[in-house]
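Have a look at the structure below before the remarks.
This is a predicted model, so every value here is computed, not measured.
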Amino acid sequence: PEDPDVLLQLGVLDAKRGRFDRAIRYFEDAAIVDPSFAAIAWYEAAGVALDRGDLEAATAYLERASVASGSVAARERAAELLAALRPAPP
């Protein structure tokens, strides 16, 4: 599909079904097909990475989401979650 909304929905469905690698690919494709979907796509990808226990990948996706084009709400949620995942400075 070339519709970023469809790609996002397919990613969400695959994530719910435990098809994490495919879900990530759908989110990546959505961000590429239409950069105005990038923030929400990277945020969703971070959620999948967290579900897999991959904190490093989740952090990388959240960093991308926090500065990506698109949804202001997704950027803000990504920045908040990113701050929560990072250890507090000594």
Side-chain angles (χ1 to χ4, degrees):
E2 291 295 319
D3 182 326
D5 192 46
V6 170
L7 291 165
L8 283 176
Q9 295 308 314
L10 289 171
V12 169
L13 288 172
D14 275 343
K16 287 181 180 179
R17 294 177 179 152
R19 297 176 185 157
F20 299 126
D21 290 336
R22 201 160 98 170
I24 293 286
R25 283 194 305 273
Y26 280 128
F27 297 138
E28 290 172 346
D29 288 348
I32 291 166
V33 166
D34 187 343
S36 71
F37 281 74
I40 190 69
W42 297 130
Y43 182 80
E44 292 291 342
V48 170
L50 286 173
D51 287 345
R52 295 172 83 172
D54 189 345
L55 186 58
E56 185 177 332
T59 300
Y61 287 128
L62 289 169
E63 287 172 348
R64 291 178 86 171
S66 69
V67 297
S69 298
S71 169
V72 172
R75 286 197 307 265
E76 290 172 351
R77 287 192 309 259
E80 290 169 7
L81 186 52
L82 190 58
L85 290 175
R86 288 189 171 143

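The minimum heavy-atom distance between Tyr26 and Leu7, with the atom names listed, is CB-O, 3.3 Å. Closest approach of Ala30 to Pro4, counting heavy atoms only: CB-O, 3.8 Å. Across all non-hydrogen atoms, the minimal contact from Ser66 to Ala78 is N-CB, 3.8 Å. Contact between Ala65 and Ala39 at its shortest, heavy atoms only, is CB-O, 3.5 Å.
To the nearest 0.5 Å, atoms CZ (Arg19) and CZ (Arg25) are separated by 11.0 Å. Note that the CD1 atom of Ile32 and the CD atom of Glu2 stand 10.5 Å from one another [nearest 0.5 Å]. For the atom pair CG of Asp5 and CG of Leu10, the computed distance is 10.0 Å after rounding to the nearest 0.5 Å.
In this view, Arg52 and Asp21 satisfy the salt bridge (charged side-chain N to carboxylate O under 4.0 Å, His left out) rule, not counting sequence neighbours. Every residue two or more places apart in sequence or in another chain that forms a salt bridge (charged side-chain N to carboxylate O under 4.0 Å, His left out) with Glu63 is listed here: Arg86.
The cluster map of Ile, Leu, Val, Met, Phe, Trp and Tyr, joined by side-chain heavy atoms under 4.5 Å apart, puts Val48 and Leu8 in the same cluster. In the hydrophobic cluster analysis, where Ile, Leu, Val, Met, Phe, Trp and Tyr join through side-chain heavy atoms closer than 4.5 angstrom, Tyr61 is grouped together with Phe37. Placement of Ile40 and Val33 in two distinct hydrophobic clusters is found when ILVMFWY residues are connected by side-chain heavy-atom separations under 4.5 Å, directly or transitively.
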Problem set entry | Candidate pair Phe27 and Val12, rule side-chain contact (heavy atoms from CB on, under 4.5 Å), full reasoning | CA-CA 9 Å; Phe27 297 138; Val12 169; 4.2 Å; yes
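Side-chain N or O atoms of Arg75 include none that pairs as donor or acceptor with a backbone N or O of Ser69 at under 3.5 Å.
Under the 4.5 Å side-chain criterion, counting only non-hydrogen atoms from C-beta, Arg64 is not in contact with Tyr43. Within the 4.5 Å cutoff, side-chain heavy atoms of Leu81 are placed close to those of Leu50.
Other members of a hydrophobic cluster containing Val67 are absent, since no ILVMFWY side chain comes under 4.5 Å of it, directly or through relayed contacts.
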